[in-house]
Protein chains: 4
Amino acid sequence: MPKVTAEHRLARREQIVQAALHCVAENGFHKTTMADVIRESGLSAGAVYGYFRSKDEIIAAIADQALSAVDELFEGILSTEDPLSPAEAMRVVLDHVVKTAERSGGDVTRVGLQAWAESVHNPTIAAVAREKYTILRTHYTAVARRAQLDGTLPSDVDPEHVAQVLFGMLPGFILQRLLLGDVTPESYTAGLNALLGSAAPRRP
Amino acid sequence: MPKVTAEHRLARREQIVQAALHCVAENGFHKTTMADVIRESGLSAGAVYGYFRSKDEIIAAIADQALSAVDELFEGILSTEDPLSPAEAMRVVLDHVVKTAERSGGDVTRVGLQAWAESVHNPTIAAVAREKYTILRTHYTAVARRAQLDGTLPSDVDPEHVAQVLFGMLPGFILQRLLLGDVTPESYTAGLNALLGSAAPRRP
Amino acid sequence: MPKVTAEHRLARREQIVQAALHCVAENGFHKTTMADVIRESGLSAGAVYGYFRSKDEIIAAIADQALSAVDELFEGILSTEDPLSPAEAMRVVLDHVVKTAERSGGDVTRVGLQAWAESVHNPTIAAVAREKYTILRTHYTAVARRAQLDGTLPSDVDPEHVAQVLFGMLPGFILQRLLLGDVTPESYTAGLNALLGSAAPRRP
Amino acid sequence: MPKVTAEHRLARREQIVQAALHCVAENGFHKTTMADVIRESGLSAGAVYGYFRSKDEIIAAIADQALSAVDELFEGILSTEDPLSPAEAMRVVLDHVVKTAERSGGDVTRVGLQAWAESVHNPTIAAVAREKYTILRTHYTAVARRAQLDGTLPSDVDPEHVAQVLFGMLPGFILQRLLLGDVTPESYTAGLNALLGSAAPRRP
DNA sequence: AATGAATGAGACTTCATTCAT
DNA sequence: TATGAATGAAGTCTCATTCAT
């Protein structure tokens with residue numbers, strides 16, 4: 001019975017998180033009421049509170065999920081033998097972002113956006129965001145380091161700074177996609193490639 | 001009392017907007033109560049509602065202000081004779097962002113972040129955001145076009161796509177600054193310059 | 001100056017009462033705000049409060065006016081040499097009610113209706129209503145007495161009781177006119193006449 | 001818990017309506033606050049709003065109840081074999097009105113009076129009032145028709161017009177009872193009988 | 001464990017009235 | 001006297017959370 005119960009508990013939690021994710025993607029953290037989540041999850045109020053102590057705990061759970069969504073991918077990318085160039089990495093990530101966003105059950109990038117806003121005054125979410133994004137940016141640092149080894153990136157620059165810029169392109173992509181709706185992985189990669197190839201020839 | 005009133009009304013509205021901005025920068029749109037804004041503004045409830053019809057109207061006003069903050073600058077930049085390069089534009093803008101953010105009375109970038117999140121489910125703010133950011137991005141399109149004329153950017157790329165990427169670096173900067181706190185205009189510009197100078201020599 | 005001022009004061013009070021009457025006929029006592037009255041009167045808040053101490057005082061003034069509207073007429077009717085029969089009195093009064101109600105500036109019967117409702121829990125208006133309606137009903141007592149002298153009404157009945165019924169037809173007429181809109185002085189008088197002529201011949 | 005719930009819900013609604021009726025009979029619709037109803041009902045704010053969506057909905061419910069109070073009776077009267085004469089009908093109805101008004105829990109005639117006033121500017125209540133009073137007046141039309149068949153009422157008169165007058169006596173009775181306090185079913189019936197028997201013998 | 005009715009603090013907003021100019 | 005901006009008490013309603021069944 002313990003194992004069944006443990007699985008059961010996880011399944012229920014997941015059910016609630018999915019319901020909440022759906023609601024929050026639609027209406028944000030604050031316009032989403034517990035009544036919404038309860039209705040959407042198909043459970044009762046008491047049941048939901050049996051799995052999460054509070055609304056904040058549910059919010060933290062979905063924020064975690066939304067903020068982790070991109071990171072999963074990098075485990076795969078980095079584990080490949082062939083190191084990716086900045087442009088390749090960007091392309092792969094953006095494709096993944098779009099694919100993930102379009103999954104049924106609610107656009108996680110919308111939820112991520114809520115999490116960014118929330119992290120400004122919610123220490124719990126801020127901590128999660130810092131943790132996830134530090135890890136994520138570290139992947140870009142690795143990308144930068146490899147490019148320096150390749151010689152495609154000057155070696156006298158701090159790879160952390162390059163990572164800041166590369167990682168920093170993601171929020172811009174996500175925001176423009178949600179707000180203006182006219183960016184695509186293709187358009188963005190094209191723009192990036194133009195910039196990467198924009199400089200005068202490297203000094204020998 | 002006509003003359004007094006016109007100025008007075010504007011001053012009062014500004015007073016309320018400043019109070020609200022301060023509160024929202026601190027606590028976000030939803031944790032900011034009208035009671036907070038009323039207290040912070042030093043006015044009475046009735047007075048505040050004499051200038052704004054609802055909390056939503058106040059939120060729209062500060063969202064507008066926060067979303068416009070960067071754009072003001074560009075009027076100045078673009079009016080100069082000397083067109084700026086992408087890197088120069090980025091440097092100037094980031095300096096401005098930081099300076100604006102550090103102004104007393106509340107970090108507008110925090111408010112901007114709230115506005116991004118809100119625009120997902122608030123049509124009024126979404127409209128403002130779209131308007132402001134379309135204009136802002138257009139400035140970057142101009143920067144890209146000039147770089148193409150200079151020959152520092154390939155001429156066979158859509159300058160809109162370049163603008164997507166350049167403009168798209170701002171949210172990333174703002175988000176990292178608020179969340180991780182370790183990006184500066186210097187570090188970001190260094191990373192960007194490294195990327196700009198990273199490609200193989202242009203094909204002749 | 002005193003006389004001019006006195007006239008002026010009265011004119012202003014009348015201006016305010018008319019404005020209030022108009023608003024109340026439209027929206028009732030409670031949905032009518034002082035702001036409505038102030039706007040409709042064309043005066044300023046301060047000015048209005050210079051002529052009436054409170055909203056209740058204005059309400060009392062228009063209630064008085066509305067409750068007196070029918071009574072004015074009776075002075076005329078009763079002062080005639082020729083006493084009216086119940087049916088004649090009813091016809092004259094109903095015509096007057098309709099004519100008064102249709103005067104521009106707000107249907108006084110609507111205001112009267114508000115006054116009835118208000119008098120249930122507003123002692124001031126209750127007192128006014130009692131006073132006005134006692135006088136009004138007394139006129140019907142006179143009508144009944146004359147009919148008894150005529151022999152058109154049994155002499156062994158208390159004329160007060162007849163007056164209750166005759167006077168009591170007015171609220172019913174007013175209410176049906178406002179609510180159902182299908183009663184007219186003609187239809188009502190026809191129905192009344194049928195009832196008056198309905199009985200078997202008087203026992204000798 | 002289905003069965004319990006269905007009954008329970010109705011009982012709770014009734015509990016709230018009774019509380020509201022009591023308050024409104026005392027203070028009218030507008031001086032009655034939700035806090036009053038909540039206190040009087042013995043429930044919490046949330047509970048009350050679980051059964052009614054708004055104060056207006058509660059008002060509509062008690063207006064409905066008050067406006068229906070007289071009508072219930074007629075079902076009984078009309079279903080009797082023996083058709084009632086106008087005078088008999090009036091006597092029965094007035095007795096019922098007084099008995100209903102004196103029931104503990106708030107005088108419904110006071111609430112009816114509020115409903116009349118409210119219907120002038122509240123379409124929902126106006127619709128209910130029109131519906132209920134149209135039905136109620138139709139009963140009087142039936143009374144008039146029977147009297148015409150009896151020969152106690154001229155057959156050349158529109159029974160609708162007679163119904164207008166007969167039905168129209170009720171508001172007058174109710175209003176005088178509340179306002180002046182000196183009418184009784186006895187006095188009113190006496191006055192009515194005097195009028196009914198007042199005419200000269202019918203022309204042959 | 002599950003249910004969902006009940007709780008009640010607190011949010012937003014209105015509006016009669018005042019008072020400095 | 002006149003103005004109308006300002007006041008702030010009070011009203012309606014929501015919603016995260018609990019607990020008897």
Side-chain angles (χ1 to χ4, degrees), chain A residues 1 5 8-9 12 30-39 42-59, chain B residues 1-2 4-5 8-9 11-12 30-39 41-59, chain C residues 1 5 8-9 12 30-39 42-59, chain D residues 1-2 4-5 8-9 11-12 30-39 41-59:
Chain A
M1 187 206 279
T5 296
H8 190 248
R9 279 197 71 81
R12 280 274 192 268
H30 299 280
K31 281 198 182 173
T32 295
T33 66
M34 285 304 289
D36 292 335
V37 175
I38 287 160
R39 187 185 340 96
L43 298 176
S44 67
V48 169
Y49 276 88
Y51 294 100
F52 291 92
R53 252 201 287 276
S54 67
K55 183 181 178 183
D56 276 354
E57 213 172 282
I58 296 179
I59 284 177
Chain B
M1 72 188 65
V4 172
T5 295
H8 194 246
R9 277 198 75 79
R12 281 279 190 261
H30 299 280
K31 281 197 182 172
T32 295
T33 68
M34 284 305 292
D36 293 336
V37 175
I38 287 159
R39 190 185 335 96
S41 71
L43 297 175
S44 66
V48 170
Y49 277 88
Y51 292 96
F52 292 92
R53 259 202 282 277
S54 66
K55 183 180 177 184
D56 275 355
E57 212 172 281
I58 295 179
I59 285 178
Chain C
M1 188 207 278
T5 296
H8 190 247
R9 279 197 73 83
R12 281 272 192 265
H30 299 281
K31 281 198 182 172
T32 294
T33 66
M34 284 304 290
D36 292 336
V37 175
I38 287 160
R39 188 184 339 93
L43 300 175
S44 67
V48 171
Y49 275 89
Y51 294 99
F52 290 93
R53 254 202 286 278
S54 67
K55 184 181 178 183
D56 276 354
E57 213 172 282
I58 295 178
I59 285 178
Chain D
M1 70 189 64
V4 171
T5 295
H8 193 246
R9 277 197 74 79
R12 280 277 190 264
H30 299 281
K31 280 196 183 173
T32 294
T33 70
M34 285 304 293
D36 292 336
V37 175
I38 288 160
R39 189 186 336 98
S41 72
L43 297 175
S44 65
V48 170
Y49 277 90
Y51 293 95
F52 291 91
R53 259 203 282 279
S54 64
K55 182 180 176 183
D56 274 356
E57 213 172 282
I58 296 179
I59 285 178

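These numbers come from a predicted model, not from an experiment. In the text below, chain A, chain B and the rest are named by the order of the sequence lines, each starting its count at 1.
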Any side-chain N or O of [X] less than 4.0 Å from the OP1 or OP2 oxygen of [N]?
X        : N      : result
Tyr51(D) : dA6(E) : yes
His8(B)  : dA6(F) : yes
Arg12(B) : dA6(F) : yes

When you look for runs of 3 or more Watson-Crick or G-U pairs in a row, both distances below 3.5 Å, which of them include DNA chain E?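 Correct response: E:2-21 with F:2-21.
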Tyr49(C): side-chain contact (heavy atoms from CB on, under 4.5 Å) partners, not counting sequence neighbours: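 By the side-chain contact (heavy atoms from CB on, under 4.5 Å) rule, Tyr49(C) matches Met34(C).
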For Arg39(B) and dG8(F), give me the distance from atom CZ to atom P, rounded to whole Å.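 After rounding, the gap between these two atoms is 15 Å.
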Just how far, in rounded Å, is P of dT14(E) from NZ of Lys31(C)?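 In whole Å, dT14(E) P lies 14 Å from Lys31(C) NZ.
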Identify the heavy atoms of [X] and [Y] that sit nearest to each other, and give their distance.
X        : Y        : value
His30(D) : Lys55(D) : O-NZ, 4.1 Å
Val48(D) : Ser41(D) : CG2-OG, 3.9 Å
Val37(D) : Thr32(D) : CG2-CG2, 3.7 Å
Tyr51(D) : Glu57(D) : O-OE2, 4.4 Å

Between atom CG of Asp36(C) and atom OG1 of Thr33(C), what is the distance when rounded to the nearest 0.5 Å?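 Result: 3.0 Å between the selected atoms.
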When rounded to the nearest 0.5 angstrom, what is the spacing between CZ in Arg12(B) and CZ in Phe52(B)?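 So the gap between those two atoms works out to 12.5 Å.
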For nucleotides 8-13 of chain E, just jot down a letter per nucleotide in 5' to 3' order: B, S or -, based on protein non-hydrogen atoms under 4.0 Å. BB-SSB
May I ask you to say what Phe52(C) touches in the nucleic acid, namely base, sugar-phosphate or nothing, with a heavy-atom cut-off under 4.0 Å?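 It contacts nothing in the nucleic acid.
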So Leu43(A), base contact, sugar-phosphate only, or nothing? Heavy-atom distance under 4.0 Å.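 Counting heavy atoms under 4.0 Å across all strands, no contact is made by Leu43(A).
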